[in-house]
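Below you'll find the structure, written out as structure tokens, and then a few comments.
Computed from a predicted model, the values in this text were never measured in an experiment. Numbered from 1 within each chain, the chains take letters A, B, ... in sequence-line order.
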Amino acid sequence: MSYTSRISRRTTLKWLAATMGVSATTACGPERTTPQEDYAERMAKRKTLAPARPVSGTTYGYDPHLVEPALTWEKSMSQDQLDVAARLSDLILPADDRSPAASDVGVPDFIDEWISAPYDNQQYDRERFLALFDWLEQEAQEQFDTGFAEASVDQQKQVLDRIAWYGRVEDGLDTMAAAFRSFRDIAIGAFFASEAGVQDIGYLGNKPVIGPYPGPTPEAIEHLERVLTSLGLAMPEAKYLP
Amino acid sequence: MNAPSGEHDVIVVGSGAGGGMAAWRLAAAGVKVLMLEAGRDYDPYSETPMFNWSREAPLLGGGTPEKDFGYYLASIGGWTLPGEPYVSAEGNEFMWWRSRMLGGRTNHWARNSFRMGPHDFKPYTRDGLGVDWPVSYDEMAPYFDRVEKLIGVYGANDGLENHPDSGPGVLHEPPKPRINELAIKAAANDLGIPCVASRRAVLTKNMGERQACFNATNCGRGCNIGAAFQSTTSLIPWARATGNLEILTNAMVYEVETDRSGKATGVHYIDKISGEHRFIAARVVVLAASACESARILLNSKNAQHPDGVANSSGQVGRNLMDTVGAGIGAQVPALENRPRYNEDGTMGLHLYIPFWDYQRQAAGALDFPRGYHIEIGGQFGEPGIGMGGASGRVDGYGPQVKEDVRRYYGSFIHFSQRGEMIPNEHCYAELDPDQRDAFGIPILRFHYRHTDHEINQTAHFQQNILAIIDRLGGTPTYGTQDDPKDMMAKGGQIIHEVGTARMGDDPATSVLNGSGQSWDVPNLWIMDGAMFASKAHKNPTLTIMALADRSCDHLIEKMRAREI
Ligand SMILES: Cc1cc2nc3c(=O)[nH]c(=O)nc-3n(C[C@H](O)[C@H](O)[C@H](O)COP(=O)(O)OP(=O)(O)OC[C@H]3O[C@@H](n4cnc5c(N)ncnc54)[C@H](O)[C@@H]3O)c2cc1C
Ligand code: SF4
């Protein structure tokens with residue numbers, strides 16, 4: 001992946017200035033390092049995210065095995081991209097006293113599965129998400145001289161704050177903001193669908209309950225009664241209640 | 001299973017609701033039946049992913065063009081089928097859901113089973129629109145009882161106008177409602193709108209080998225304990241057990257052959273495995289390939305005697321295509337945030353619903369639309385997945401608040417689906433495309449579809465009433481509402497209740513079938529799927545398809561015994 005093709009206009013200007021500086025100093029004599037040269041070297045070496053592998057494999061077809069599902073495509077994100085996806089999903093869903101962070105339950109892997117799927121919707125997300133990762137990386141490099149994944153949480157937040165909040169998206173970044181929101185939706189879904197997420201949210205189903213369905217618990221009914229009272233509504237007749 | 005023994009009297013085409021019922025009734029009466037099914041054999045006992053979590057499926061089980069309603073849905077096919085396209089005429093849009101497997105769409109249908117009532121069978125008499133059925137509710141009532149008893153339906157008898165009670169002891173106990181359903185009921189009742197036990201083809205007590213619902217596992221995946229009705233755990237195995245049913249799968253029927261005397265001699269089909277074209281003779285042919293497919297077979301059965309297709313002297317085959325009028329509105333209700341958790345799976349589908357309630361004002365001329373609709377309601381603590389039932393759409397930014405917000409909003413959403421009656425109109429029909437053929441060389445269907453003010457005004461009434469319910473609960477709509485009701489209406493076919501394409505009637509000039517489901521033109525050709533419908537009441541059609549098929553079989557057996565056919 002060519003370095004110049006990834007840099008924004010703002011970076012291009014800086015880069016040109018640095019190059020000019022370098023030529024100027026090298027013309028001056030034998031000293032090996034100058035501040036400008038340092039900068040140029042750093043810029044030259046600075047990290048770009050290793051690209052994703054091409055999409056490979058097939059869709060699962062009209063009649064896949066339902067009881068034992070299998071992926072029919074390869075995951076394709078590079079380690080760099082997985083690192084960014086991990087930090088991003090952990091910023092969205094950090095660990096707290098009820099559940100671990102998103103990356104602890106494999107959210108980045110699911111993102112990888114998602115954008116590697118050879119379906120149109122997922123390929124649409126692939127372009128947006130990979131562009132989002134690149135943008136995050138580039139902004140971190142530019143502002144803090146470090147990769148997004150290696151940046152401090154404060155630095156990551158500074159980058160993210162430009163796109164993450166409704167009504168506060170920086171001009172010209174609407175596309176990134178939309179990609180971020182889609183990423184967030186999928187990360188949230190993948191997180192709460194995990195075993196830890198199911199526990200956290202308190203989904204108590206997918207267990208056989210033999211005999212008639214018992215209906216809401218007394219606690220849930222009491223809560224409903226309070227709700228209905230506050231709305232000036234009557235509780236349904238007894239035959240509808242547990 | 002690729003060479004029939006040739007011992008059959010009757011060929012049944014299709015193995016879904018209509019074909020399953022026909023095969024069972026005929027086989028139980030001692031008639032030798034050969035069933036031809038275009039899909040593959042399907043074994044619900046080994047193929048149903050009962051307790052699989054979404055996270056075990058690709059893409060968290062979400063929909064793709066190959067599995068429109070999710071990975072685990074027990075359906076082979078959907079809006080598209082490989083090699084079997086269909087088209088809509090320019091300026092029209094119709095969606096056609098097909099499933100190619102033993103049991104057809106009964107493997108994954110939602111099991112909502114509302115009974116048609118007296119108004120529904122005589123709609124023309126009531127409001128001068130459409131046509132009356134050649135049968136009345138009173139004639140149908142015993143068949144509804146019989147079918148409900150046979151397949152198992154939960155529900156309650158509420159004595160409401162045009163929502164008939166079932167006979168004593170027929171219904172299974174309905175499950176207790178969940179919290180959001182109770183909240184909707186409280187608000188609806190406050191506004192004078194009823195909200196009562198739903199009716200679904202799900203057992204809540206054991207019936208023979210079929211067990212009562214154990215209140216877990218999505219019915220759309222199929223039900224391997226037999227609680228949710230599907231023909232593959234009941235009608236088909238029962239019919240097979242009589243020794244009178246033989247099944248040929250991967251058999252794609254494309255033509256009914258008739259002789260000079262005007263009788264059907266058998267059917268042509270393609271063996272999808274070998275690609276061979278074959279003919280099988282039979283004394284009687286029963287088509288139950290689903291409403292549009294049965295019409296397609298008839299239209300494709302052209303010969304010198306039947307230039308417009310067999311059984312089509314009326315020109316009505318493919319016409320009068322109807323689907324349920326559908327729209328959906330969702331809302332978020334702050335009062336339901338942070339509700340106490342408990343297991344809300346229940347029977348997975350509706351426990352309560354809103355039946356149409358405005359018949360009196362309608363009869364008095366106070367409404368600007370004829371006929372009715374019902375509302376399927378919901379909103380519960382479902383299995384977490386993408387979207388989180390609406391919760392993930394309400395978070396902002398990132399950080400600890402995101403998890404907090406998802407927890408808070410989870411389970412605070414409600415939704416309402418309009419399921420309304422459509423009046424047949426001349427703009428809605430299916431015909432053979434003059435040029436295009438499918439991968440088997442069979443001409444494909446081209447659809448025409450248009451709603452009229454009847455359906456649009458009905459949708460406006462739905463929206464107005466739902467907004468009132470949402471408002472009464474202090475909620476805010478999250479999706480579905482529109483200034484122009486036209487913009488919220490589902491496309492033709494999208495509610496997957498397509499019917500009417502070979503309607504029954506009293507007059508051979510305006511109907512394809514007589515009141516028994518027998519072709520006016522070809523006495524040994526019967527149709528036993530949704531094609532028979534003379535109107536599309538707002539009640540979901542499958543229960544009625546089965547009740548009509550049951551009744552048709554009585555008449556067919558009688559005629560066979562009397563050697564009339
Ligand atoms: C997701 C979903 C939810 C639904 N929910 C409800 C509900 O709650 N209540 C309700 O009443 N209805 C519901 N329906 C509709 C219901 O499934 C249909 O009304 C019902 O299955 C129709 O029965 P049928 O026998 O006419 O057709 P099908 O069940 O479709 O069976 C037709 C069979 O014929 C076979 N076939 C087709 N063409 C040929 C051919 N040329 N040769 C040989 N075989 C052929 C097919 O492969 C299929 O197996 C739902 C449908 C879907 C998809
Ligand atoms: S919820 Fe009940 S009826 Fe539905 S699939 Fe599960 S056990 Fe069967």
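Heavy-atom distances place no part of V333(B) under 4.5 Å from chain A, backbone and side chain included. If you measure heavy-atom distances from E47(B) to chain A, the contacts under 4.5 Å come from the backbone alone. The contact between P242(A) and chain B is made entirely by backbone atoms, counting heavy-atom distances below 4.5 Å. For a residue to count as touching a neighbouring chain, one of its non-hydrogen atoms must lie under 4.5 Å from one of that chain's; by this rule L473(B) touches chain A with backbone and side chain alike. If you measure heavy-atom distances from T72(A) to chain B, you find no contacts under 4.5 Å at all. Using a 4.5 Å cut-off between heavy atoms, Y240(A) contacts chain B through both its backbone and its side chain. In this structure, the portion of Q122(A) lying under 4.5 Å from any heavy atom of chain B is its side chain and not its backbone. For A70(A), the part lying under 4.5 angstrom from a heavy atom of chain B is the backbone only. Only the side chain of N189(B) has a heavy atom closer than 4.5 Å to any heavy atom of chain A. Contact of T347(B) with chain A is not made at all, since no heavy-atom distance falls under 4.5 Å. When heavy atoms are compared at a cutoff of 4.5 Å, L241(A) approaches chain B by way of both its backbone and its side chain. At a 4.5 Å heavy-atom cutoff, Q401(B) makes no contact with chain A through either its backbone or its side chain. Proximity to chain B (any heavy atom under 4.5 Å) is restricted, for L228(A), to the side chain, taken from C-beta onward. A177(A) does not touch chain B: none of its heavy atoms, backbone or side chain, sits under 4.5 Å away. Interface remark: A117(A) contributes side-chain atoms only to the contact with chain B (heavy atom separation under 4.5 Å). Looking at I163(A), neither its backbone nor its side chain comes within 4.5 Å of chain B, counting heavy atoms on both sides. Looking at N121(A), neither its backbone nor its side chain comes within 4.5 Å of chain B, counting heavy atoms on both sides.
Side-chain N/O atoms of S46(B) and D43(B) include a donor and acceptor closer than 3.5 Å. Judged purely by distance below 3.5 Å, without hydrogens or angles, the side chains of E127(A) and Q123(A) never pair a donor atom with an acceptor atom.
Ranked by heavy-atom pairs under 4.5 Å with chain B, the first of I92(A), V227(A), N206(A) is N206(A). For the set G211(A), P212(A), A193(A), P214(A), the count of heavy-atom pairs under 4.5 angstrom toward chain B peaks at A193(A). Between chain B and the residues T59(A), D120(A), L88(A), the largest count of heavy-atom pairs under 4.5 Å involves T59(A).
The backbone N or O of V67(A) lies less than 3.5 Å from a partner atom in the side chain of N52(B), making a donor-acceptor pair. For the pair W73(A) (side chain) and Y60(A) (backbone), a donor-acceptor distance under 3.5 Å is absent.
Both the sub-6.0 Å distance and the 45° axial angle are satisfied by R339(B) relative to the ring of F381(B).
No salt bridge links D174(A) with R168(A); every basic N to acidic carboxylate O contact stays at or beyond 4.0 Å. Look at R100(B) and E37(B) and you find no salt bridge, because none of the NZ, NE, NH1 or NH2 atoms lies under 4.0 Å from a carboxylate O. Between R407(B) and E337(B) there is no salt bridge, since none of the side-chain N atoms of the basic residue sits less than 4.0 Å from a carboxylate O of the acidic one.
Ring-plane geometry between W79(B) and W97(B) is classed as perpendicular, the angle between the planes exceeding 60 degrees on a 0 to 90 degree scale with a lower cut at 30.
Between F129(A) and F180(A), the distance from one ring center to the other does not fall under 6.0 angstrom.
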